[in-house]
Amino acid sequence: MLQAKNITKWFGEGEAKTYALHDVSFEVNFGEMLYIVGPSGSGKTTLLSIISGILRPNEGSVTVLDKDLWQMSDSDLADFRLYTLGFVFQDFHLFKKLTCKENVAIPLILQKKPMDEALAAALKELKMVGLERRTELNPNRLSIGEQQRVAIARAIVTEPTLLILDEPTASLDGETGKRIISFIKENLLNEKRAIIIVTHDNRIYPYASRMIRMEDGRITEKAGNLDED
Amino acid sequence: MTGLLQIALKLLANDRGKFFTLIVGITFAVVLMLLMTSLFAGIMQRTAANIYNIGAKVWVMDPSVNTQTDNIPMPDYILDVVRSIEGVSYAVPMYSGSGLLKLNDGRYQAANVIGIDDATLFGRPNMLQGEIADIYNNDAYIAIHDSEFSKLNNPVLGSTFEVNDYRGVVVGIGEALMSGLFGTPTLYTTFNRAISDLPQMRFTITYILVEPKNVADVAHIKQTVSEAGYLALTQKEFIKKNTHYYMYQTGLGTNVLIMTVISFIVGLSIAGQTFYAFVLENIEEFGALKAIGAKKQELIEMILFQSSVVGFIGYGLGMLIAMVLIALAKYRLANYAALVTFQSLAFCFLMVLAIVAFSSYLGIRRVTRIDPFDIFRG
Ligand SMILES: Nc1ncnc2c1ncn2[C@@H]1O[C@H](COP(=O)(O)OP(=O)(O)OP(=O)(O)O)[C@@H](O)[C@H]1O
Ligand SMILES: [Mg+2]
């Protein structure tokens, strides 16, 4: 469903020019949970931003559902993120002054769905991630693991075809991390959706369908089908 | 209200501290600006009290007159000139001057004496006590029941006093439509008694009050009077001239202006700064909205809506507080000069809009510069 071809991205010009990505190509298919792993500074977040329509690559192309992402207008890119993509930021970026339910409803509100409909859908997603008793609280009253689940609920409330999570287990303890990934795999992965996870955390590697390893802005290893449970 | 604006409102209102500070800042500025401008309007109105009270449609005066209290006499022939102008229905002389009274208790008190035309009594006050016809009695004066009335020792019908060593007797108490500003009581008498009782220069007519046949004649009257070397002004123009003098030729206008500007700047900086802090505090959330797929336009709408909400609440509260303060002050102090005019209200509203625009501009500039990539990188 997504093809990235020969992506190159650099920052700065002249002396200060540094390459964040070098000729990176990969693809993701429906029903897959793709891991992107690699050391800090290897370009993982940069790559995610490029395939999410946030950061324009210097070279190369990204095709999602047969559409060339970087040929779209800014407004179409925003719509792409709003309707096709679900994103869980590394530090969640939940609205502190809103309730969990309102937080989760935001993407639907941006889609101009009526408020009550958006809130009802948010409630449903919060139930799904097991937070039905936290819906009226502000997110900063929740544990990190619970906030993570609110962020996931917000990412999936629009039923996106592509779900992207940046370091989803970084701030969780090992057990909680494993539990959340297995939850994602069992409940959120399906034949109409692809999931991309960026992680350092080798405890959750076993859940990947496929993995690509990055170093210094290049893909150094593509490991197929780790999916053997 | 769209869902996004509801969210914008919740973000704002749930930040109690800043929401409160923003409203207080704007309210404070509105109260100050409204009080200053109302006080100014009130004072200006008071300085023109006699122009309102006499009520003539057209006033003829010496061109050097700046305010109604400049009593510059004109020669008698001007009255004939004015009377002979086509379109003048009638024209009467008026005397305005100040007299020194010696009251019953031996105290001296300066008073403003108005002499109205003997034949027509044009410009006469409404009588609270006594009959207007008694103004023709010997030594008759009418005391005006304005806020300075007590300075005449609260006279009753029959009370006597001396005006420049002439005897005066109160034959009536007249109503003041508006009190003056200058703290002197007002007495009405006939034009002839005024010029015989009060010390005079060679000329005696201070103003000529004109009733034009109709409004269309005013231009012609003004023109002819000006050819004779004098000035004819409508009531409105005279009030304006009077106000202009105090506004620009005395420190009054400048001081009020400075105070108003300071109030505005205080409101502007409190609101601008707090709102900017509010936007900064939520900057990651705004960035996250952008990353999720909010368009620039939508973020701008949110910010404009938030700042307008505090602007309107602040304006409403400020207006309410200022009016209550003025009403209380008027209730306690009969002489308190403050007038909430439509102009003051509109002016304050524009100032609030300026504060809202400035705050929004700061916020919008910040929000549109967020790069969602920074949100991704954390
Ligand atoms: N705006 C920028 N300006 C200059 N260099 C940048 C910018 N953004 C990223 N880089 C550089 O690009 C490289 C890749 O950064 P990126 O954030 O994608 O790495 P990462 O793999 O996500 O690392 P981490 O695991 O620490 O999140 C780094 O060397 C970084 O310094
Ligand atoms: Mg990263």
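Letters A, B, ... mirror the listed sequences (proteins, then strands); counts begin at 1.
- Side-chain atoms of A/Glu102 come within 3.5 Å of backbone atoms of A/Thr99 as a donor-acceptor pair (strictly under, hydrogens ignored).
- Proximity to chain B (any heavy atom under 4.5 Å) is restricted, for A/Ile106, to the side chain, taken from C-beta onward.
- In this structure a side-chain-to-backbone donor-acceptor pair under 3.5 Å is present from B/Asn14 to A/Lys97.
- For NZ of B/Lys240, the number of neighbouring non-hydrogen atoms (other residues, nucleotides, ligands) closer than 6.0 Å is 12 at most.
- Most heavy-atom pairs under 4.5 Å with chain B: of the set A/Asn138, A/Ile109, A/Asp166, this distinction falls to A/Ile109.
- Tested against B/Leu35 for a side-chain contact (heavy atoms from CB on, under 4.5 Å), the candidates B/Thr37, B/Leu39, B/Val31 yield a single pass: B/Val31.
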Salt bridge (charged side-chain N to carboxylate O under 4.0 Å, His left out) between A/Lys96 and B/Glu281, intermediate numbers included: CA-CA 10 Å; A/Lys96 299 180 279 291; B/Glu281 191 161 291; over 6 Å; no

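- Neither the backbone nor the side chain of B/Lys296 comes within contact range of chain A; no heavy atom of the residue lies under 4.5 Å from a heavy atom of that chain.
- Within residues 62-79 of chain A, the residues approaching chain B closer than 4.5 Å by heavy atoms are, in numerical order, A/Ser75, A/Ala78, A/Asp79.
- Both cation-pi conditions hold for A/Lys9 and A/Phe11: the charged atom is under 6.0 angstrom from the six-membered ring centre and inside a 45 degree cone around its axis.
- For the pair A/Leu163 and A/Ala155, the tightest heavy-atom approach, listed with the atom from each and the gap, is CD1-CB, 3.7 Å.
- The stretch residues 42-53 of chain A places A/Thr45, A/Thr46, A/Leu48, A/Ser49, A/Ser52 near chain B, each with some heavy atom under 4.5 Å from a heavy atom of that chain.
- Within the 4.5 angstrom heavy-atom criterion, atoms from both the backbone and the side chain of A/Phe95 approach chain B.
- The line from CG of A/Leu188 to CE of A/Met33 is 9.0 Å long, rounded to the nearest 0.5 Å.
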Residues A/Asp216, A/Arg218; criterion salt bridge (charged side-chain N to carboxylate O under 4.0 Å, His left out); working and verdict: CA-CA 6 Å; A/Asp216 270 343; A/Arg218 293 170 207 273; over 6 Å; no

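- Summarising the geometry, atom CG belonging to B/Leu34 is positioned 8.0 Å from atom CE belonging to B/Met319; distances are rounded to the nearest 0.5 Å.
- Contacts with chain A were tallied for B/Glu285, B/Lys290, B/Gln6, B/Glu284; B/Glu285 has the most, counting heavy-atom pairs under 4.5 Å.
- Using a 4.5 Å cut-off between heavy atoms, A/Lys113 does not touch chain B at all.
- For A/Phe87 and A/Phe89, the ring centers sit closer than 6.0 Å to each other.
- Each of B/Pro372, B/Ala294, B/Ala288, B/Ala291 has some count of heavy-atom pairs under 4.5 Å with chain A, and the biggest count is that of B/Ala291.
- The CG atom of B/Leu12 sits 12.5 Å away from atom CD1 of B/Ile7, with the distance rounded to the nearest 0.5 Å.
- Your options are B/Thr2, B/Asp371, B/Ile375, B/Leu4, and the one with the most heavy-atom pairs under 4.5 Å with chain A is B/Ile375.
- B/Phe312 and B/Tyr315 have their aromatic ring centers separated by at least 6.0 angstrom.
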